[in-house]
Number of protein chains: 2
Amino acid sequence: MDVSTEVLMDIFKNRGIRSSYTRMRIMGYMAANRNHPTADEIYSRLIEEIPTLSKTTVYNSLNAFVEAGLARVVTIEDNEARYDVDVSDHGHFKCQSCGRIFDFPVDMDCIEPKALEKFRINKRDVYFKGICPGCLDNK
Amino acid sequence: MDVSTEVLMDIFKNRGIRSSYTRMRIMGYMAANRNHPTADEIYSRLIEEIPTLSKTTVYNSLNAFVEAGLARVVTIEDNEARYDVDVSDHGHFKCQSCGRIFDFPVDMDCIEPKALEKFRINKRDVYFKGICPGCLDNK
DNA sequence: TATCTTATTGAAATAATTACAACTTTATTA
DNA sequence: TAATAAAGTTGTAATTATTTCAATAAGATA
Ligand SMILES: [Mn+2]
Ligand SMILES: [Mn+2]
Ligand SMILES: [Zn+2]
Ligand SMILES: [Zn+2]
């Protein structure tokens with residue numbers, strides 16, 4: 001059991017969810033590839049190494065992560081949920097040309113404290129779309 | 001043909017899409033009920049008065065409106081698209097208790113001009129979730 | 001180890017949205 | 001106004017993402 005496995009087990013335990021081989025692989029994939037993958041992308045990649053993996057398990061695990069506060073859902077596209085291990089406040093930019101999703105910092109406090117004074121805010125999402133610098137250069 | 005019908009026909013013509021009875025009813029519903037309805041909500045409401053209405057037509061019309069810049073999609077929930085005739089920049093707050101969606105003003109420029117300097121931004125969405133004042137009062 | 005709880009699996013169900021072909025309506029032109 | 005072309009409407013079927021469910025397997029507890 002290597003050190004990163006041990007670290008993940010601790011994280012799971014601290015958040016009150018069981019650690020299992022599959023969950024550690026899924027979380028490991030997300031931590032290594034911070035590309036805001038879909039459940040299907042995670043499944044397609046991991047099925048190569050875990051032939052018994054079920055897509056239901058991927059969904060179950062991701063839902064467990066989100067509930068435990070270990071991941072967030074990125075719904076920048078209306079036909080697919082993406083997942084992000086970075087649960088800190090930040091915005092997402094999706095390039096309409098290459099499809100890549102970029103993180104960017106957001107000053108949430110500056111957005112509009114006044115109109116929402118009487119609201120309790122639990123989640124904040126900022127989604128921008130357009131063309132990324134790389135795609136702009138390729139005309 | 002009353003005056004609002006005439007106005008709608010002009011709007012459609014200006015945006016390069018044909019006017020039809022169904023489209024005017026759908027757009028009329030959205031203009032009157034600015035509740036960010038789903039396609040299904042629009043369909044359920046209008047089928048009472050237009051018995052031949054097809055849900056496909058609702059989707060087709062809404063997609064035409066969005067392409068023509070007459071409406072925007074609000075994907076604050078990952079399992080359903082909502083539609084908004086207010087295409088100006090503003091944020092959306094969804095109450096996790098009563099489900100209502102509230103508009104609020106957003107200073108888009110303050111969010112983060114620096115990190116996205118080299119990006120071309122076409123769409124901006126700000127989605128907050130939490131509890132609305134009414135639901136907070138009802139403890 | 002025995003036991004209880006939770007995770008995994010695969011199949012089937014659900015639900016939102018789109019594709020398609022036949023038909024109807026709207027816009028254009030004569 | 002009548003003929004024609006282009007686009008909108010409809011119902012059904014297909015697609016796709018996600019959930020439900022019951023059986024089985026694995027993890028945690030004592
Ligand atoms: Mn992110
Ligand atoms: Mn709105
Ligand atoms: Zn790009
Ligand atoms: Zn509420």
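First the proteins, then the strands, lettered A, B, ... as listed; each starts at 1.
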Note, Glu49(B) side chain near Arg25(B) side chain (heavy atom, < 4.5 Å) = yes
Full working for side chain to side chain contact (heavy atoms under 4.5 Å, CB included) between His92(A) and Asp84(A) = CA-CA 11 Å; His92(A) 290 104; Asp84(A) 190 352; 3.0 Å; yes
Rounded to the nearest 0.5 Å, how far does CE of Met9(B) lie from CZ of Arg23(B)?
-> 12.0 Å
Taking side chain as C-beta onward, heavy atoms only, is Tyr43(A) less than 4.5 Å from Thr57(A)?
-> no
Distance-only, no hydrogens or angles: does the Asn35(A) side chain make a donor-acceptor pair with backbone N or O of Pro37(A) under 3.5 Å?
-> no
Note down the inter-axis angle between the two ends of the helix from dT1(C)-dA30(D) to dA30(C)-dT1(D), five pairs each, to the nearest 10°.
-> 40°
Who pairs with Tyr83(A) by ring pair (Phe, Tyr, Trp, His ring centres under 6.0 Å), at least two apart in sequence or on another chain?
-> none
Enumerate the protein-to-nucleotides 10-20 of chain C contacts in which both atoms are nitrogen or oxygen and the separation is below 3.5 Å.
from, atom 1, to, atom 2, distance (Å)
dG10(C), N7, Ser54(A), OG, 3.4
dA11(C), N6, Thr56(A), OG1, 3.2
dT17(C), OP1, Ala81(B), N, 2.9
dT17(C), OP2, Tyr59(B), OH, 2.5
dT17(C), O5', Tyr59(B), OH, 3.4
dA19(C), N6, Thr56(B), OG1, 3.3

Residues two or more places apart in sequence or in another chain: which of them pass side-chain hydrogen bond (donor to acceptor under 3.5 Å, both in side chains) with Ser88(A)?
-> Asp86(A)
What pairs of nitrogen or oxygen atoms, one from the protein and one from nucleotides 3-6 of chain C, lie under 3.5 Å apart?
from, atom 1, to, atom 2, distance (Å)
dT5(C), O2, Arg18(A), NH1, 3.2
dT5(C), O2, Arg18(A), NH2, 2.7
dT6(C), O4', Arg18(A), NH1, 3.1
dT6(C), O4', Arg18(A), NH2, 3.2
dT6(C), O2, Arg18(A), NH1, 3.4

Whole angstrom value for the distance that separates P of dT25(C) from CE of Met9(B) = 16 Å
Any Ser20(B) side-chain N or O less than 4.0 Å from OP1/OP2 of dT25(C) = no
Determine, stepwise, if the pair Phe104(A) / Phe119(B) fulfils ring-ring contact (aromatic ring centres under 6.0 Å, His included).
-> CA-CA 11 Å; Phe104(A) 64 90; Phe119(B) 291 69; 8.1 Å; no
Measure up the Phe102(A) and Phe93(A) rings against each other and bin them: parallel (under 30°), tilted (30 to 60°), perpendicular (over 60°).
-> perpendicular
Interatomic distance where NZ belongs to Lys13(B) and P belongs to dA27(C) [whole Å] | 7 Å
Would you kindly confirm whether Ile131(A) and Leu116(B) end up in one hydrophobic cluster when ILVMFWY residues are joined by side chain heavy atoms under 4.5 Å apart?
-> no
Val106(A) versus Asp89(A): any side-chain heavy-atom pair under 4.5 Å?
-> no
Any salt bridge between Glu77(A) and Lys129(A), counting N to O under 4.0 Å?
-> yes
Is any side-chain heavy atom of Arg82(B) closer than 4.5 Å to a side-chain heavy atom of Glu41(B)?
-> yes
Along DNA chain D, 5' to 3', what are the outermost nucleotides having an atom less than 4.0 Å from a heavy atom of chain B?
-> dA6(D) to dT12(D)
